[in-house]
Amino acid sequence: MIKPAAKFYDPIRKEREIREWWETAKIYEKLKEMQKGRPKWTFLDGPPYASGSIHLGTAWNKIIKDTILRYKTMRGFDVTRQPGWDCHGLPIEVKVEEKLQVKSKKEIEERIGVANFIQQCKQWAIEHVKIMTEQFKELGVWMDWDSPYITFKNEYIESAWWTLKRAYEKNLLKRDLRVIHWCPRCETALAEHEVRGEYYEVSDPSLYVKFKVRGKQNEYLLVWTTTPWTLPANVAVCVHPEFEYARVLVNDEVLILARALISRVFLELGVKDYQVVEVVKGKELEGLQYEHPLINEVPAQREFEKHHRVICGELVTLEEGTGCVHIAPGHGEEDFEIGEKYQLPVFSPVGPDGKFTGEAGKYARLYVKAADELIIEDLKKKGLVAKYGKIKHTYPHCWRCRTPLIFRATEQWFLTVKELKPRILELNSKVKWTPGWAAVRYVNGVESVGDWCISRQRYWGIPMPVWMCSSCGQLLVIGSLDELRQMARTEISEDIDLHKPDVDKIELRCPCGGSAKRIPDVLDVWFDSGVASWASLEHPKRELHGWPFDFITEGEDQITKWFYSQQVLSVVAFDDVPYKSVLMHGFALDEQGRKMSKSLGNVVEPQEVVRRYGADVLRFYMLSANPVWEDLKFSWKGVELIYKLLNVLWNVHVFATTYMSLDGFNPAQADMEKINQGLLPEDRWLISRINSLVSKVTKEMEEYNLHLAAREIAEFILEDLSRRYIKLIRGRVWIEKEDPHKLAAYAALYQSMHVLIRLLAPFMPHVTEVLYCELVRAVSPNAPESVHMLPWPTVDQSQIDRKLEEGMSIVSRFVEAAARIRQEAGLKLRWPVQTIVVRTGKKELIRELKDLFQSQLNCKELVILGENDKLPRDTEEFRKTSTEYGEIWVDMRMSPELKAEALAREVVRRMQMMRKEMDLEMEERVDAIVGVENRDDLYMLSGQQEYIKREVRIRNLRLCPIEEAKEKGYSKEWNIDGKRYQLALKKIG
RNA sequence: GGGCCCGUAGCUUAGCCAGGUUAGAGCGCUCGGCUGAUAACCGGGAGGUCCUGGGUUCAAAUCCCAGCGGGCCCA
């Protein structure tokens, strides 16, 4: 049986109860069981980094996923829901270093021990995966939390090894000397995608240095740099071959710089008097030799003296500097590239720790940034500094420890992506991107990308499965643990952990008879996540079922990160793409559209929202606020609005269950024939609306327009159900008898609610479960246990009546217009009026709605005219207004009969308030006295006694002058239109 | 510097792709009303350089170009 619902909904408590019930009753497990045998729909979870706690963006990400997965499940698919965790890499290493108070790699190796360090990292990851899992569960996210894929497991590592071996076999793995970003604190190389978005504003030196031209008395190349510490590694100066360069006489010196930059540079240098002596093309300067400004301090430079000259390159711009660019191939990407062209030496006298090596002469052992001042001093002493100041500019930083990065020339391992590019782009056409322009961004990203540096000189990562023979130099790339066992010189224990330092101890047998040692590097973590689509399936050990995946969705920053790394490695491993469709989502920003950051103090924790309003509200808010692919500007007001929506939904539920239980309505045993006969136009309208809603919501879900689907549902709840339908049937359900129309209203309401909770279930999984339990399970114990086991509702086209829907809109428009007239005239809606006339071109559409139209207008007579019909006579005292559907006239005259009815309504309304205050049961009867001050009013009310008794559920009613209304039960004096009334109610028995 | 997206009332936004009513809502403000599901709700009012400037057109929030501001990505 349906029971009256709790008066108020407590989302926090209820949601917890529901989640506990899901666990104890094993609802999720049962659902998975039910799915077996259905068509597969495979989803791959982008593994969040096991950083410790989820933020709003992570929450949004999982909410989007969960909603789509729930929807697809209801659509009848066997959906895969394995979550993933990205566990390797620097962020965790940095956290563990903090915990152990480690400052350098040396300390890890000597004081802590690599084995211990790795163990701590693993422990850290395990703990934080656990914490984050709980946080995701609190959002109502259903995934296989007990069997996630985790990047540090042996099986996962083996998949990565296998992939790297494929790259090697395809000749895509190269070892090369290159200049790359290097973190001097973490002492490791960084890939270009790790530097993306990590440019921050810093203050650096702005130094103008004079490079003395060899063989000239007083001629100098004017060079600008923000990194004086790279000057010891300078080997050339570059000019643009096509730009014009000027020899400018300043005091007794001749300076060479780009002609276009003269005024800007001299303003900076504070030079006012100068004379342009000569103008030449950059090309003509090529080969001009100079004296290295630090030749004495850095004796190693003597070896490169023949290179100390002007070279030409397109990299020179007129945006900044002097047009003469100092080139240090060991410390700049572009410098390195042009250095290759001119066969310049790659001089990089800087160690992994960011300190100068012995090759840097005088500066040896100094940290590079710390050497800046000393270098400038030395230059000043020689009179080579034209100007030294500071400049604010953006400079790349380490994405974990925020140390400014340096460029360093080192030997690293690369995947030669450049060669794969055409194929990557070609295969990308198989992927369906939502929105379409995300694909444009992807293609742009791939086109501009270089080779992928995959080696890292760290500890907590997948060890590169590359061994090198110390005798013949042969590389042995291992693709699995079994292979490793076969090749190893010694026995490998059963429970080996495929991390450093254990794998480093294993030596392999080279075919030459020699012994091979592993190269010490680990893999870039983006390699880890890049193999997720098959590593999560433990391929190649197991078969690839459901690959490529049907669907993935992640934030826009992943376009050149996870989407990119996956597609690259998938082309390497399978010459295919790993998924069929991608939905890109935006970023969670603050209300002003700024990034949430601790320093701005504008961070909103998802837990905070959940604690205040519940997970359903957070979910619905995030899904309805905007399209998934746009950035979400988080607004507390927006959240509160959804909380109100939830409240209205609950109130509808309270209304439904209250009356249905009063009348013992049982939808499972209802007489359908009787119900169909009792259906009124508004009932058919509601059923038409809910079917239209199913159709619209389904269409939007299929296109990932989650926001439009959510908004349609919200509008139905607020407009159609709460504002309109319940208002219309209120009178019907108040009737105290078996009434076919009442039954029909229950049936229509029940049917709509049943459909509504299914549409809403993917968005608000908790409250819909409560509604389902109290509304459906209460009467049909054999129905599926959980709302999430139900199929998605289907549209019954035969129940959609567009003309009826339009007719109702017209009626509403006119009712609103009438209310406007009444308000202007001071006629309360509670007071009936005699006649209302409506003239419209849509007469046909509202003909069958006349009864409900009239009752909403609260008039005795309703005249509906066609467009060309004439107005009846006697409408001089009517007031008129217009709507988009036609005009409406309201009779302003109040007859004594109407006044009596109006008065009766005023009395009834006050007595209803008193009933409420007395906390009476809804159907409970009372005795009542109405004491009236005014004789005329007393007379008028005497004709309304039956109406009053019916509406207030009165057994005995006594009307009398106010002085005779002796206190009886609950009594209260009222003022109605300036006259005193004494109203008294008394409980019976 | 380049690519992509966003910019509409104090706030959150619909409309823009396929140009054509008086730019439509909600929140907030304000005045009035309704209420035995409602902690709700309804009606009136105030509040808009549709980011700016050009262009196309009979007609531009909508299409095109340039710029400004914000976001993401790249350099």
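Residue numbering restarts at 1 for every chain, and letters A, B, ... go by the order of the sequence lines.
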Using 30° and 60° as the class limits, which term best fits the ring planes of Phe243(A) and His240(A): parallel, tilted or perpendicular? parallel
What's the closest nucleotide to the side chain of [X] if the choices are [options]?
X         : options                : answer
Asp557(A) : C72(B), A37(B), G43(B) : C72(B)
Asp631(A) : C72(B), A14(B), G71(B) : G71(B)
Trp437(A) : A37(B), C72(B), C4(B)  : C4(B)
Leu589(A) : A40(B), G71(B), U13(B) : G71(B)
Asn651(A) : A37(B), C73(B), C27(B) : A37(B)
Glu556(A) : U13(B), C72(B), C6(B)  : C72(B)
Asn444(A) : C72(B), A37(B), G3(B)  : G3(B)

Record whether the side chain of [X] comes under 3.5 Å of the base of [N] through a donor-acceptor pair of N or O atoms.
X         : N      : result
Ser448(A) : A75(B) : no
Arg441(A) : C5(B)  : no
Arg730(A) : A37(B) : yes

Whole-Å gap separating [atom2] ([N]) and [atom1] ([X]):
X         : N      : atom1 : atom2 : result
His181(A) : A75(B) : NE2   : C1'   : 10 Å
Tyr725(A) : C42(B) : OH    : P     : 19 Å
Gln856(A) : C42(B) : CD    : P     : 13 Å
Tyr643(A) : U12(B) : OH    : P     : 24 Å
Leu641(A) : C11(B) : CG    : P     : 17 Å
Arg813(A) : C42(B) : CZ    : P     : 13 Å
Ile717(A) : G26(B) : CD1   : P     : 17 Å

Pick the [atom1] atom in [N] and in [M], then give their distance to the nearest Å.
N      : M      : atom1 : result
A60(B) : U49(B) : C1'   : 15 Å
C5(B)  : C63(B) : P     : 12 Å
A23(B) : C4(B)  : C1'   : 28 Å
U62(B) : G20(B) : P     : 10 Å
U12(B) : C17(B) : C1'   : 23 Å
A25(B) : A9(B)  : C1'   : 11 Å
U8(B)  : G48(B) : C1'   : 8 Å

One thing to verify: whether [Y] and [X] come together as a salt bridge, which I'm taking to mean a side-chain N less than 4.0 angstrom from a carboxylate O.
X         : Y         : answer
Glu867(A) : Lys842(A) : no
Glu682(A) : Arg732(A) : yes
Lys987(A) : Asp927(A) : no

Please say which of Phe665(A), Phe655(A), Tyr659(A) ends up in a ring pair (Phe, Tyr, Trp, His ring centres under 6.0 Å) with Tyr746(A). Phe665(A)
[X] vs [N]: side-chain N/O to OP1/OP2 distance below 4.0 Å:
X         : N      : value
Arg909(A) : U35(B) : yes
Lys637(A) : U13(B) : no
Lys7(A)   : A40(B) : no
Lys633(A) : U13(B) : yes

Looking for any heavy atom pair under 4.0 Å, which part of the strands does [X] touch: base, sugar-phosphate only, or nothing?
X         : value
Lys727(A) : nothing
Val652(A) : base
Ile559(A) : nothing
Leu718(A) : nothing
Thr657(A) : nothing

For the residue pair Tyr442(A) and Gln567(A), confirm or rule out a side-chain donor-acceptor distance under 3.5 Å. yes
Kindly compute the distance separating CD (Gln856(A)) from CZ (Arg724(A)), expressed to the nearest 0.5 Å. 8.0 Å
